[in-house]
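The structure under discussion appears below in the form of structure tokens.
Remember, it's 1-based here, ligands and their atoms both numbered in the order they're listed.
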Amino acid sequence: MTQLPDRIYATPQARVADFVFNEDVVRVFPDMIKRSVPGYPAIVENIGVIAAQFAQPNTCLYDLGCSLGAVTQALRRHVKADNCRVLAVDNSAAMVERCREYLHAQDSMFQELLSVEVIERDILALEFQPSSLVALNFTLQFIAPEQRPALLGAIRRALVPGGALILSEKLRFADEGEQQLLTDLHIAFKRANGYSELEIAQKRSAIENVMKPDSLEVHRQRLLDAGFSKVVPWFQCLNFASLIALP
Ligand SMILES: C[S@@+](CC[C@H](N)C(=O)[O-])C[C@H]1O[C@@H](n2cnc3c(N)ncnc32)[C@H](O)[C@@H]1O
Ligand SMILES: O=C(O)C(=O)C[C@]1(C(=O)O)C=C[C@@H](O)C=C1
């Protein structure tokens with residue numbers, strides 16, 4: 001993937017607009033997400049490793065909110081089950097267009113990869129096929145909170161026995177001291193990755209209306225309410241975590 005540096009919030013903006021996954025973001029997205037989400041490369045690679053344990057022949061694997069297809073590429077590197085198909089879905093036309101290019105490049109470099117279809121659609125409007133693995137890698141936090149239970153319910157109903165949902169999210173914390181400490185450490189992480197105070201502040205204003213993190217307890221209860229039987233956190237770095245939810 002190209003590594004153009006993220007300078008989107010480097011100059012002062014009179015009014016910081018709400019964050020959108022448009023062409024400007026697409027251009028710098030690999031750099032942006034790596035410098036903003038602690039543990040992102042480890043999460044993506046290990047989603048492939050975990051998926052290989054759950055993937056079953058003749059089922060679909062979903063990458064929901066696929067962006068540039070980093071998770072889809074990891075699924076294709078690790079999953080060996082017969083006749084599995086990856087369905088990578090995103091509602092940003094700019095993301096989908098670039099995602100298709102990256103996946104064609106992966107096709108030309110490796111043989112015997114799982115087939116993949118990149119679909120430009122709202123994940124709330126999907127009719128899910130029987131699936132053994134669904135990944136929501138930092139996507140649910142961008143779905144309106146009142147729409148999250150129905151989406152998780154639809155995913156649960158699509159999962160075959162022995163399958164799994166992998167859910168990665170930024171977390172918030174009910175305990176004020178914990179929230180403050182991990183927020184400060186996340187800012188320190190961004191600073192250590194070369195973001196200025198201005199970039200950090202403007203990005204925070206841009207995402208505060210569009211990205212609504214929940215606590216681990218809220219995630220766990222909502223997954224259980226959606227019919228999942230077990231929720232197992234497998235990764236946390238600062239205020240970012242990933243969970244495995246079993247049907
Ligand atoms: C933080 S990015 C996900 C990163 C990606 N999963 C990865 O691992 O690199 C969130 C993505 O979700 C997509 N998205 C947000 N709401 C969506 C919706 N309702 N339907 C489909 N995609 C959505 C955005 O366009 C964006 O590409
Ligand atoms: O929490 C932040 O400050 C972020 O920048 C997080 C986050 C995310 O978790 O998706 C937000 C938007 C961008 O897609 C990249 C990272």
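Note: Phe21 and Phe142 meet the aromatic proximity criterion, with ring centroids under 6.0 Å apart.
Asp24 has a carboxylate O that lies under 4.0 Å from a charged side-chain N of Arg27, or vice versa, which qualifies the two as a salt bridge. Salt bridge annotation for Glu199-Lys190: absent, with no cationic side-chain nitrogen under 4.0 angstrom from a carboxylate oxygen.
With a heavy-atom cut-off of 4.0 Å, Val37 touches ligand 2 through its side chain alone. Using a 4.0 Å cut-off between heavy atoms, Phe142 contacts ligand 2 through its side chain alone, with no backbone atom that close. Only the side chain of Lys190 comes within 4.0 Å of ligand 2, counting heavy atoms alone; its backbone N, CA, C and O stay farther away. The residue Leu124 has no part lying near ligand 1, judged by heavy-atom distances below 4.0 Å.
Contact analysis puts Thr139 in contact with ligand 1, with a non-hydrogen atom separation below 4.0 angstrom. The closest approach between any non-hydrogen atom of Gln141 and ligand 2 is below 4.0 Å. Using a non-hydrogen distance threshold of 4.0 Å, Arg121 registers as a contact of ligand 1.
Seen from the ring of Phe110, Arg76 does not count as a face-on cation partner, given the 6.0 Å and 45° thresholds.
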Assess whether side chain to side chain contact (heavy atoms under 4.5 Å, CB included) is satisfied between Phe54 and Ile244, documenting all intermediate values.
-> CA-CA 11 Å; Phe54 290 98; Ile244 299 171; 4.2 Å; yes

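Among protein heavy atoms, the minimum distance from atom 11 (C) of ligand 2 is reached at Met211 SD, 3.7 Å.
At least one N or O atom of Lys170, backbone or side chain, sits closer than 3.5 Å to an N or O atom of ligand 2.
No more than 12 heavy atoms of other residues, nucleotides or ligands sit less than 6.0 Å from atom CZ of Arg85. Summarising the local packing, CD of Glu23 is surrounded by more than 12 heavy atoms from other residues, nucleotides or ligands at distances under 6.0 Å.
Here the shortest heavy-atom distance to atom 12 (C) of ligand 2, taken over Arg35, Arg204, Lys203, Glu208, belongs to Lys203.
Within ligand 1, counting atoms from 1 as listed, the ones closer than 4.0 Å to a heavy atom of Asp122 are 18 (C), 19 (N), 20 (N).
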